[in-house]
Amino acid sequence: MADEVILLDYWPSPFGIRARIALREKGVEFECREENLRDKSPLLLQMNPVHKKIPVLIHNGKPVCESMNVVQYIDEVWSDRNPILPSDPYQRAQARFWVDFVDTKLLKPADQLWQTKGEEQETAKKEYIEALKILESELGDKPYFGGDTFGFLDIAMTGYYSWFEASEKLANFSIEPECPILMASAKRCLQRESVVKSLHDSEKILELAYKLRKEYGV
Amino acid sequence: MANKPILLDYWPSMFGMRARVALREKGVDFEYREEDFSNKSALLLQSNPVHKKIPVLVHNGKPVCESLNVVQYVDEAWPDKNPFFPSDPYGRSQARFWADFVDKKFTEAQVKIWMKKGEEQEAGKKEFIEALKILESELGDKPYFGGDSFGYVDISLITFYSWFQAYEKFGNISIEAESPKLVAWGKRCMEKESVSKSLPESEKIVGYVAEFRKNNLGSE
């Protein structure tokens with residue numbers, strides 16, 4: 001029986017993109033269904049009643065929610081190719097630790113970069129760069145956070161990389177001079193086929209951010 | 001010869017307790033070290049420079065931080081006894097999802113009950129009861145969240161059980177009335193030695209919270 005793989009998604013989402021990338025890294029055929037977050041589909045509400053958020057991976061009718069949970073699930077189901085997590089328990093713990101860091105310390109300032117202005121935005125910029133610098137130190141001289149291979153933390157970060165250009169324009173700053181090594185790794189990730197196929201035009205993301213800022217009166 | 005794993009911990013922390021339960025479930029002999037937050041040890045600052053928080057498990061000289069991360073690491077480093085996860089990927093993703101729910105929604109709600117008062121506390125109570133009901137619904141008629149066996153979600157939540165009396169006293173709620181199945185589950189888990197040895201007595205937590213509220217909120 002062929003697998004049925006549906007992804008409930010939202011095109012600019014840095015979380016949705018993680019799921020898309022993971023599926024493509026594994027060469028899995030899937031149907032991407034775009035959600036309107038202001039008018040969520042009955043399927044989304046039924047499949048993720050607790051959080052009502054995307055991404056939701058529906059595999060043969062069963063839902064998996066929370067982006068990095070989805071990525072790990074994909075890694076475990078399609079375990080015969082392109083492993084995303086390392087096999088050593090300590091390395092896995094490190095990967096999970098840094099993904100948690102990213103989704104706690106980087107997430108809030110990343111959101112505030114496009115949601116705020118003035119002093120609030122300046123503070124967000126500082127915290128954002130600070131978090132990126134800590135990550136750059138963790139990267140060291142490895143091509144990817146996963147070492148020689150594109151892995152769990154790289155996939156998590158690519159969500160944020162996909163918003164780098166838009167964030168820089170919105171908050172008027174440049175990431176490369178602050179974190180050149182991280183930026184080099186980011187560019188490497190953004191060129192991967194699975195990422196290129198999953199990415200949307202930075203211009204479109206920027207356009208959306210401007211539109212939302214206007215709506216929120218920022 | 002490998003040294004005993006060291007757990008840097010703090011007795012009332014429900015996050016530290018998770019690591020204790022996990023290690024005991026696996027029958028791991030470990031060294032427990034109490035941290036003083038007003039004077040954090042060199043080992044803590046060196047092992048967890050990013051967050052400077054407990055629990056930290058130092059195993060073979062290498063640190064593992066963040067409580068649920070420690071629990072997963074313990075499961076993977078000592079895989080031959082009492083697995084915390086089912087073997088099928090879907091069951092595993094469900095376990096991770098619910099532990100994450102405990103870590104976000106449930107944790108944020110309970111903290112408002114014991115650390116706040118007035119309107120903030122009231123808001124926290126509402127969220128807490130809502131989260132309890134969602135968890136109780138997920139538990140259903142199973143003996144444990146893991147089904148027939150005590151697992152990852154059980155470990156993530158049971159440590160808050162030692163705080164139930166404090167939530168009831170300072171939040172003026174009855175957890176039994178709101179979620180009887182969950183309380184029954186708590187009592188069932190407490191029958192396990194790994195749990196009862198790892199959780200402090202509820203009265204001690206009540207005393208801890210009373211002290212905190214006196215010092216920080218000016219009243220109980």
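Chain naming here is simple, since letters A, B, ... match the order of the sequence lines and numbering starts at 1 in each. In this text the structure is predicted, and so the values were computed from the model without any measurement.
The distance from atom CD of A:Glu76 to atom OG of B:Ser93, rounded to the nearest 0.5 Å, is 8.0 Å. In this structure, CD in B:Glu66 is found 10.5 Å from CZ in A:Phe101, a value given to the nearest 0.5 Å. Of the inter-residue distances, the one linking B:Asn48 atom CG with A:Phe97 atom CZ reads 5.5 Å to the nearest 0.5 angstrom.
Contact of B:Trp98 with chain A is made through the side chain alone, with heavy-atom distances under 4.5 Å. For B:Lys104, no part lies near chain A; criterion is any non-hydrogen pair under 4.5 Å. Of the two parts of B:Val50, only the side chain, counted from C-beta on, holds a non-hydrogen atom closer than 4.5 Å to a non-hydrogen atom of chain A. With a 4.5 Å cut-off on non-hydrogen atoms, A:Val50 touches chain B through its side chain but not through its backbone. Heavy-atom distances place the side chain of B:Asp100, and not its backbone, under 4.5 Å from chain A. The part of A:Trp98 that comes within reach of chain B is its side chain, from C-beta onward, which places non-hydrogen atoms under 4.5 angstrom from that chain. Residue A:Asn69 touches chain B through both its backbone and its side chain, counting heavy-atom pairs closer than 4.5 Å.
Residues B:Tyr73 and A:Arg96 form a side-chain contact, since some pair of their non-hydrogen atoms from C-beta on lies under 4.5 Å apart. Side-chain contact between B:Tyr90 and A:Val77 is absent, with no heavy atoms from C-beta onward closer than 4.5 Å. In this structure, the side chains of A:Lys105 and B:His51 come closer than 4.5 Å at one or more pairs of heavy atoms.
Crowding of B:Lys26 atom NZ: a count of heavy atoms from other residues, nucleotides or ligands under 6.0 Å exceeding 12. Around the CG atom of A:Asn36, the shell of radius 6.0 Å holds more than 12 heavy atoms that belong to other residues, nucleotides or ligands. Counting heavy atoms of neighbouring residues, nucleotides and ligands inside a 6.0 Å radius, atom NZ of A:Lys40 exceeds 12 of them. Within a 6.0 Å sphere centred on CD of B:Glu193, heavy atoms belonging to other residues, nucleotides or ligands number 12 at most. Atom NZ of B:Lys53 sits in a sparse spot, with 12 or fewer heavy atoms from other residues, nucleotides or ligands closer than 6.0 Å. Within a 6.0 Å radius of NZ in A:Lys142, more than 12 heavy atoms belonging to other residues, nucleotides or ligands are found. Residue A:Glu215 places its CD atom among more than 12 non-hydrogen atoms of other residues, nucleotides or ligands, all under 6.0 Å distant. Around the NZ atom of B:Lys112, the shell of radius 6.0 Å holds more than 12 heavy atoms that belong to other residues, nucleotides or ligands.
Of all heavy-atom pairs between B:Val64 and A:Ala93, the closest is CG1-CB, 3.9 Å. Between B:Pro63 and A:Gln94, the shortest heavy-atom distance links the atoms O-OE1, 4.0 Å.
No donor-acceptor pair under 3.5 Å is formed between the side chain of A:Tyr73 and the backbone N or O of B:Arg92.
Contact count against chain A (heavy-atom pairs under 4.5 Å) is highest for B:Gln72 among B:Glu138, B:Gln72, B:Gln94.
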